[in-house]
Amino acid sequence: MNILVTGANGQLGNEIRIVAKNSCDTYIYTDVLEAEGVETTLLDITSMEAVRNMVQENDVKCIINCAAYTNVDKAETDEALCELLNAKAVGNLAIAMKEVDGLLVHISTDYVFGGDPYNTPCQEDQKGTPTGVYGKTKLHGEQNILAAGCKHVIIRTAWLYSEFGKNFVKTMLNLTATKPQLKVVFDQVGTPTYAYDLAVAIYKIVNERKYEENNGVYHYSNEGVCSWYDFTKMIAEYAGNTGCDIQPCHSDEFPSPVKRPAYSVLDKTKIKQTFGISVPYWTTSLKVCLERMNVKL
Ligand SMILES: NC(=O)c1ccc[n+]([C@@H]2O[C@H](COP(=O)([O-])OP(=O)(O)OC[C@H]3O[C@@H](n4cnc5c(N)ncnc54)[C@H](OP(=O)(O)O)[C@@H]3O)[C@@H](O)[C@H]2O)c1
């Protein structure tokens with residue numbers, strides 16, 4: 001089967017490049033821009049014509065969509081572009097897959113939740129209540145897939161990090177190494193996700209072809225629950241950055257253009273039971289990622 005990966009130069013896309021290296025399927029890695037050191041076919045998913053041509057010329061039967069507008073704060077003042085990429089373009093991919101009876105694996109987010117107070121892990125069928133433009137446009141993307149009616153596996157994930165790109169782990173590695181003191185919010189609770197683990201789960205779903213009878217929305221993050229403060233403490237501890245005094249603080253000490261979910265832990269029971277996926281605990285995966293980044297533990 002020919003599989004198109006969009007946004008292949010981002011965090012998740014790069015992890016899929018690693019995980020799918022020895023696949024019997026043919027993976028075509030695309031992104032809107034080229035990147036150093038990796039082969040990339042150019043594809044802007046906001047163009048329906050470009051998407052359709054790419055699918056037809058390469059006999060694509062599956063798209064793994066890793067492309068997105070992911071800058072949550074900037075999205076608040078850039079709604080049109082955010083909607084174009086996170087919703088309209090996702091619809092393009094879904095229509096293209098519907099036309100060839102193909103599968104769309106799409107990545108969504110815990111930010112579709114957050115508007116209501118929760119204190120138990122979010123279920124797949126729970127009503128989306130996004131608090132900002134990013135979450136709202138990602139929810140529209142999910143809705144556009146359902147409207148197109150293609151085969152689909154939508155995976156909502158959260159707090160993604162990897163050795164590629166910019167992310168919280170890299171920022172905190174740097175800050176805890178260079179600052180004597182740091183305040184980090186403890187009133188936002190969720191679960192980190194190592195993008196490599198998510199890539200392994202996606203690869204298993206596609207590879208084992210169990211999606212035909214299991215279309216739907218799924219949740220995936222690592223196991224466990226923590227606040228951004230706990231996450232930072234663990235990053236610093238593993239990296240041996242003992243010189244930084246890390247203190248918990250409230251979100252209102254860091255004014256932000258967007259209100260982030262206070263509790264967005266994802267319930268992963270469905271993906272584990274349906275596809276037989278085992279999910280690593282968050283600190284175990286954090287350690288693996290730091291080792292791959294050559295951080296001395
Ligand atoms: N990051 C998180 O914490 C997080 C949390 C929950 C869910 N997610 C979701 O997980 C998925 C993967 O996230 P990620 O962190 O791997 O994203 P990422 O690193 O930001 O990668 C996204 C990729 O999409 C590319 N792209 C931008 N515009 C495009 C276009 N018009 N056509 C094709 N590609 C385009 C980007 O290129 P440029 O860099 O050149 O713009 C980038 O290479 C996304 O759906 C995201 O919403 C992420």
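Atoms within each ligand, like the ligands themselves, are counted from 1 in listed order. For clarity, every value in this text was computed on a predicted model and none was experimentally measured.
In terms of protein heavy-atom proximity, atom 5 (C) of ligand 1 is closest to Trp159 N, 3.8 Å. Looking only at protein heavy atoms, the nearest one to atom 28 (N) of ligand 1 is Leu85 CD2, 3.3 Å. Closest to atom 36 (C) of ligand 1, if we only count protein heavy atoms, is Asp31 OD1, 3.8 Å. Scanning the protein for heavy atoms near atom 44 (C) of ligand 1, the closest one is Ala68 CB, 3.5 Å. Annotation: atom 32 (N) of ligand 1 to nearest protein heavy atom, Ile45 N, 3.1 Å. Nearest non-hydrogen protein atom to atom 34 (N) of ligand 1 is Ala67 CB, 3.4 Å.
Ranked by closest heavy atom to atom 46 (C) of ligand 1, the top entry among Tyr69, Tyr111, Tyr134 is Tyr134. Across the listed options Leu198, Leu43, Ile107, Val32, Ile107 owns the non-hydrogen atom lying nearest to atom 11 (C) of ligand 1.
Using a 3.5 Å distance cut-off with no hydrogens or angles, the side chains of Thr274 and Asn214 do not pair a donor with an acceptor. No side-chain N or O of Thr171 forms a donor-acceptor pair with one of Lys166 less than 3.5 Å apart. In this structure, a donor-acceptor pair under 3.5 Å is present between the side chains of Thr40 and Asn9.
Using a 4.5 Å cut-off on side-chain heavy atoms (C-beta onward), Asp101 and Lys151 make contact. Looking at Val5 and Cys66, their side chains come closer than 4.5 Å, going by heavy atoms from C-beta outward. Inter-residue side-chain proximity for Leu43 and Leu4 is flagged as met; some heavy-atom pair is nearer than 4.5 Å.
Heavy atoms only, all atoms of each residue included: Val60 and Val100 are closest at O-CG2, 3.6 Å. Closest of all the heavy-atom pairs between Ala148 and Ala94 is CB-CB, 3.5 Å. Of all heavy-atom pairs between His250 and Asp187, the closest is CA-OD2, 3.4 Å.
Taking only nitrogen or oxygen atoms, main chain and side chain alike, Lys138 reaches within less than 3.5 Å of ligand 1. Among the atoms of Ala158, none of the N or O lies under 3.5 angstrom from an N or O of ligand 1. For ligand 1, the polar-atom distance check finds an N/O of Thr70 within less than 3.5 Å of one of the ligand's N/O atoms. Ligand 1 has an N or O atom lying under 3.5 Å from an N or O atom of Leu160, backbone or side chain. Between Gln11 and ligand 1, an N or O atom pair is found at a separation short of 3.5 Å.
For the ring pair (Phe, Tyr, Trp, His ring centres under 6.0 Å) with Phe168, the qualifying choice from Trp228, Tyr161, Tyr194 is Trp228, the only one to do so. For the side-chain contact (heavy atoms from CB on, under 4.5 Å) criterion with His106, the lone passing option out of Val153, Asn65, Ile63, Ile155 is Asn65. Remark: of the listed residues Glu142, Lys138, Arg156, Glu142 is the sole one forming a side chain to side chain donor-acceptor pair (under 3.5 Å) with Ser108.
Taking every non-hydrogen atom of Gly7 and a distance limit under 4.0 Å, the qualifying atoms of ligand 1 come out as 23 (C), 24 (O). The ligand atoms of ligand 1 that sit less than 4.0 angstrom from a heavy atom of Leu33 are 40 (O). Every atom of ligand 1 is numbered from 1 in the order shown, and the set under 4.0 Å from a heavy atom of Ser108 is 7 (C). Those atoms of ligand 1 that come under 4.0 Å of a heavy atom in Asp44, given as number and element, are 30 (C), 31 (N), 32 (N). Listed by atom number, the atoms of ligand 1 under 4.0 Å from Asn9 heavy atoms are 43 (O). Interface of Leu12 with ligand 1, defined as ligand atoms under 4.0 Å from a residue heavy atom, comprises 16 (O).
In this structure, atom 40 (O) of ligand 1 has a protein heavy-atom contact shorter than 4.0 Å. Within a 4.0 Å radius of atom 20 (O) of ligand 1, the protein has at least one heavy atom.
Between Cys66 and ligand 1 there is a heavy-atom distance shorter than 4.0 Å. Heavy-atom distances between Ala35 and ligand 1 stay at or above 4.0 Å for every pair.
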* Begin with the C-alpha distance, continue with both residues' side-chain angles, and end with the deciding distance and a verdict on side chain to side chain contact (heavy atoms under 4.5 Å, CB included) for Val112 and Gln126. => CA-CA 10 Å; Val112 301; Gln126 196 168 310; over 6 Å; no
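At a heavy-atom cutoff of 4.0 Å, ligand 1 is contacted by no atom of Ala8, backbone or side chain.
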